[in-house]
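First comes the structure, then the notes that go with it.
Both backbone and side-chain heavy atoms feed into the values below; hydrogens, waters and symmetry mates do not.
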Amino acid sequence: MTKFLIIRFSSIGDIIQCMGIVGGIRERFKDVEIHWITRKDMVGTLSMDNRIDKIWAFDKNAGLSGLLKMAADLRKEHFDYIYDAHSNIRSNILKLILSPLPFMKPYVALRSKERGKRFLLFNFGINRFDKPFRGVVSFRKPLKKWGITSFPDDYNDWQFPSEIISKYEDFVTKDTVTLVPSANWEMKRWPVGHWQALISLLPNYKFIILAGPSDTFCEEIRSAAPERVVNLAGRTSLMESCYLVSRSNIVVSADTGFMHAADLFRVPALALMGPTAFGFPTGPTVEILERDLPCRPCTKDGRGKCKQAVYQKCMVDITPKEVAQRVMSML
């Protein structure tokens with residue numbers, strides 16, 4: 001049996017995009033056991049995929065001593081292949097312990113962050129990355145050296161706890177649109193007023209909002225039509241939100257983890273792409289709305305300052321009317 005370890009600690013969007021490699025590994029190695037080490041709070045996302053045999057949960061509060069202890073436990077597994085899909089200090093420590101000798105098992109592959117290209121892009125506006133940059137593709141490329149080149153995308157046996165299914169199975173009706181207005185950084189969010197206008201332009205539809213507990217602005221969006229909008233911000237777990245995405249008719253979202261979940265589940269989605277460089281979807285069910293501005297992309301994840309006279313011009317200029325038209329055409 002071949003034993004394969006994937007290292008990717010966070011974030012939700014990156015983990016979901018990286019999950020696109022699992023089918024390829026199983027396609028290449030018919031008798032394989034796949035392990036994945038991730039951050040403790042990300043385990044729920046990976047547990048949806050029963051092609052992953054074992055998930056190792058790392059508690060970042062355990063610090064270096066906790067990482068070293070986990071590395072010792074991982075070493076006992078005698079992996080044949082280790083794919084570092086994160087490339088940070090923690091993953092480098094793990095690689096050093098698990099594979100101290102080059103050209104010997106376990107063999108190691110690295111997804112490079114291409115820091116030189118990032119420096120050129122975010123400091124001088126010189127973009128040497130693929131346009132558009134699709135994260136799923138970048139996670140697949142390093143595996144080519146092991147003959148992992150075919151990535152089936154027809155997997156649909158996603159696993160959710162029975163209590164989540166029974167709670168939300170009938171929550172999404174045929175006239176429901178799923179909205180994901182949040183993002184870790186404000187600059188890549190579609191404006192609140194645009195979300196409100198979108199709801200008003202679709203009077204025959206109901207809406208659910210998925211967001212985190214700190215996203216209090218979602219209540220402003222709900223106020224556009226409180227009788228038709230259910231605000232679930234902070235009321236669902238990560239896995240519950242993923243289940244609702246998997247059941248959705250259509251998801252409208254900026255560059256977020258749940259947009260990538262829709263892409264993974266092959267759920268129709270509309271991606272509102274603004275300042276970020278690395279969040280473009282891959283699958284056939286996601287349509288992209290964007291504005292061709294010379295300043296785009298200007299940030300890795302939404303941090304930084306907008307250089308336009310109109311703040312968030314790349315997002316502001318995506319109008320509620322065209323989003324509403326796209327939604328109706330996709331439903």
Side-chain angles (χ1 to χ4, degrees), residues 164-263 265 267-274 281 285-291 302 310-331:
I164 290 180
I165 295 174
S166 61
K167 184 177 180 180
Y168 291 106
E169 188 171 17
D170 300 319
F171 199 84
V172 177
T173 58
K174 63 181 181 180
D175 59 348
T176 301
V177 176
T178 301
L179 307 180
V180 187
S182 180
N184 284 338
W185 300 96
E186 182 180 353
M187 199 159 67
K188 64 176 180 177
R189 296 175 185 169
W190 207 39
V192 167
H194 284 29
W195 289 108
Q196 292 173 321
L198 175 64
I199 292 169
S200 298
L201 287 166
L202 297 171
N204 297 322
Y205 293 92
K206 299 175 184 177
F207 300 86
I208 61 171
I209 296 175
L210 299 179
S214 63
D215 298 317
T216 55
F217 66 89
C218 290
E219 194 58 28
E220 294 180 56
I221 298 173
R222 177 182 172 273
S223 68
E227 73 284 358
R228 294 187 290 117
V229 182
V230 178
N231 179 15
L232 294 177
R235 294 166 54 190
T236 55
S237 67
L238 178 56
M239 183 169 278
E240 287 174 330
S241 294
C242 284
Y243 177 72
L244 286 166
V245 169
S246 74
R247 301 279 299 180
S248 293
N249 303 302
I250 185 170
V251 175
V252 184
S253 174
D255 174 12
T256 69
F258 294 134
M259 182 270 286
H260 293 297
D263 195 18
F265 298 145
V267 168
L270 192 56
L272 313 179
M273 302 303 296
T285 63
V286 183
E287 294 188 13
I288 297 169
L289 268 178
E290 60 182 329
R291 288 292 173 266
V310 176
Y311 179 66
Q312 289 184 290
K313 182 175 176 60
C314 58
M315 297 298 284
V316 170
D317 284 2
I318 301 174
T319 68
K321 183 177 179 180
E322 64 181 314
V323 173
Q325 291 172 341
R326 287 285 192 98
V327 168
M328 289 187 289
S329 69
M330 293 172 71
L331 283 171

Any idea which heavy atoms bring [X] and [Y] closest together, and the distance?
{"X": "Thr256", "Y": "Ala183", "result": "CG2-CB, 4.3 Å"}
{"X": "Tyr243", "Y": "Glu169", "result": "OH-CA, 3.6 Å"}
{"X": "His194", "Y": "Val316", "result": "NE2-O, 2.9 Å"}

What distance separates Arg228 CZ from Leu202 CG, expressed to the nearest 0.5 Å?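 Reported to 0.5 Å precision, the distance equals 7.5 Å.
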Does any part of the side chain of [Y], heavy atoms only, come nearer than 4.5 Å to the side chain of [X], both counted from C-beta?
{"X": "Lys188", "Y": "Leu272", "value": "no"}
{"X": "Asn249", "Y": "Val172", "value": "yes"}
{"X": "Asn231", "Y": "Ile221", "value": "no"}
{"X": "Val177", "Y": "Leu331", "value": "yes"}
{"X": "Leu244", "Y": "Phe258", "value": "no"}
{"X": "Pro181", "Y": "Asp215", "value": "no"}
{"X": "Phe171", "Y": "Leu232", "value": "yes"}
{"X": "Val251", "Y": "Leu210", "value": "no"}

Going by an N to O cut-off under 4.0 Å, is there a salt bridge joining Arg189 and Glu186?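 Salt bridge flag = no for Glu186 with Arg189.
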